[in-house]
Amino acid sequence: MIIWLTSYPKSGNTWVRIFLSYMLSDENTFNINKTKIYQFPRRLNFEGITQNIDDGNEFVKNCIHAQSKINLDNKFKILKTHNAFWKNGNYSFTDLENTAGCIYIVRDPRNIITSIKNHYELSTEEALNFLKNKKNIIGIVNNIKKGNDLPTIISSWKNHYNSWKKLETKYLLVKYEDILIDPKKEFLKVINFIEKISSIKFNKLKIN
């Protein structure tokens, strides 16, 4: 079963991911190349399912199939994603058969504008429109590269934030600004949530 570590882009997802990867490792230092938390989607997730994952329609149709493949080992795992919890006809990003819970990281959208502006080299107005675009997709869509790798349907900031609350699963909201103020308290909240809904255990002495 998957515990989703999800957020709109530039909201602190990587920060939480690095912390959790370190907490899950047996090492006393963190190596990003040895992360235990991978991003979804990855190409290997769709191997044997579709031969044209660069096509946006194929991605939409096969997201849940790819997750079912990931869950064949019957183990709990944490996956990072920037996808909104979208629905398209009979298809959706995920479902309750594949999802154990969701950790949603939210950041003040006024600060995201600056990060989006710098990351994509946009004007302030363009960055604002990026956040407001209900049809926003990053990655490769129908073989057209738009920034990252595979399609990531993020929609607008508002839709993204509200969408994950509609998935009736265990849900934890973490505020980026709260992590800045008291990271130990917020990270402890995250690992307690994970331990409560899964069989994953942490050595909490490593938090310091």
Side-chain angles (χ1 to χ4, degrees), residues 2-25 29-42 77-86 93-94 99-122 124 127-128 130-133 136-139 147-149 152-167 169-198 200 202 204 206-208:
I2 299 168
I3 300 172
W4 294 106
L5 186 61
T6 182
S7 72
Y8 194 82
K10 304 302 174 185
S11 298
N13 198 314
T14 298
W15 188 9
V16 180
R17 177 191 182 199
I18 288 173
F19 166 76
L20 288 174
S21 292
Y22 168 73
M23 292 295 294
L24 289 168
S25 75
T29 57
F30 177 71
N31 184 340
I32 190 66
N33 295 318
K34 295 182 179 180
T35 181
K36 293 180 178 292
I37 300 176
Y38 296 99
Q39 182 159 312
F40 183 89
R42 294 194 295 164
K77 67 272 300 175
I78 304 167
L79 295 182
K80 168 185 175 175
T81 191
H82 286 308
N83 273 275
F85 174 57
W86 47 260
F93 174 71
T94 190
T99 297
C102 167
I103 300 166
Y104 192 92
I105 306 149
V106 63
R107 184 182 183 188
D108 188 326
R110 293 170 295 183
N111 292 328
I112 294 177
I113 289 176
T114 303
S115 292
I116 292 292
K117 174 183 175 182
N118 294 334
H119 183 76
Y120 290 106
E121 298 181 348
L122 304 175
T124 301
L128 176 59
F130 184 102
L131 263 69
K132 295 166 66 176
N133 183 2
N136 204 354
I137 302 175
I138 57 176
N148 289 316
D149 189 6
T152 299
I153 301 171
I154 62 173
S155 187
S156 66
W157 181 92
K158 179 180 179 180
N159 283 355
H160 196 290
Y161 172 70
N162 288 322
S163 69
W164 280 97
K165 292 188 287 185
K166 297 176 182 178
L167 179 64
T169 187
K170 300 292 190 302
Y171 178 90
L172 177 67
L173 180 67
V174 180
K175 295 181 179 180
Y176 174 86
E177 290 77 16
D178 288 344
I179 304 176
L180 284 175
I181 294 170
D182 194 342
K184 184 174 181 179
K185 175 184 176 182
E186 295 304 309
F187 285 145
L188 184 60
K189 184 194 302 183
V190 169
I191 64 175
N192 284 339
F193 173 78
I194 293 171
E195 288 188 338
K196 184 177 180 180
I197 67 171
S198 74
I200 299 172
F202 298 90
K204 295 179 183 178
K206 293 181 67 175
I207 289 182
N208 286 327

[X] side, atom [atom1]; [Y] side, atom [atom2] - distance, nearest 0.5 Å:
X: Asn208; Y: Lys184; atom1: CG; atom2: NZ; answer: 4.0 Å
X: Arg42; Y: Phe40; atom1: CZ; atom2: CZ; answer: 10.0 Å
X: Tyr176; Y: Lys10; atom1: OH; atom2: NZ; answer: 10.5 Å
X: Asn159; Y: Trp86; atom1: CG; atom2: CH2; answer: 14.5 Å
X: Ser11; Y: Lys175; atom1: OG; atom2: NZ; answer: 13.5 Å
X: Ile103; Y: Asn13; atom1: CD1; atom2: CG; answer: 9.5 Å

* To do: Fit a plane to each ring of Trp4 and Trp164, take the angle between them on a 0 to 90° scale, and name the class: parallel (under 30°), tilted (30 to 60°) or perpendicular (over 60°).
  => tilted
With a 4.5 Å heavy-atom cut-off, do [X] and [Y] have their side chains touching?
X: Trp15; Y: Ile105; value: no
X: Thr14; Y: Lys80; value: yes
X: Leu24; Y: Ile78; value: yes

* To do: Apply the test side-chain contact (heavy atoms from CB on, under 4.5 Å) to residues Phe187 and Val16: give CA-CA distance (whole Å), side-chain angles for both, the deciding distance (0.1 Å), then the verdict.
  => CA-CA 8 Å; Phe187 285 145; Val16 180; 4.1 Å; yes
* To do: List in chain and number order the residues that pass salt bridge (Lys or Arg N to Asp or Glu O under 4.0 Å) with Lys165, two or more places apart in sequence or in another chain; answer none if no residue qualifies.
  => none
* Sequence neighbours left out, what passes salt bridge (Lys or Arg N to Asp or Glu O under 4.0 Å) with Lys170? Give chain and number order. => none
Judged by atom type as modelled, is there a donor-acceptor pair below 3.5 Å linking the side chain of [X] to the main-chain atoms of [Y]?
X: Arg17; Y: Ile37; result: yes
X: Ser155; Y: His160; result: no
X: Glu186; Y: Val174; result: no
X: Asn83; Y: Ile153; result: yes
X: Asn136; Y: Leu131; result: no
X: Arg107; Y: Ile112; result: no
X: Lys206; Y: Tyr22; result: yes
X: His82; Y: Ser7; result: yes

To check you understand the geometry: which heavy-atom pair defines the closest contact between [X] and [Y], and what is its length?
X: Ile191; Y: Met23; value: CD1-CE, 4.2 Å
X: Pro9; Y: Ile138; value: CG-CD1, 4.2 Å
X: Ala100; Y: Ile197; value: O-CD1, 3.8 Å
X: Lys204; Y: Asn192; value: NZ-OD1, 2.8 Å

* Residue pair Trp157, Tyr161: steps toward the ring-ring contact (aromatic ring centres under 6.0 Å, His included) verdict -> CA-CA 6 Å; Trp157 181 92; Tyr161 172 70; 5.6 Å; yes
* When Ile3 is tested against each of Thr99, Ile194, Leu20 for side-chain contact (heavy atoms from CB on, under 4.5 Å), which residue passes? -> Ile194
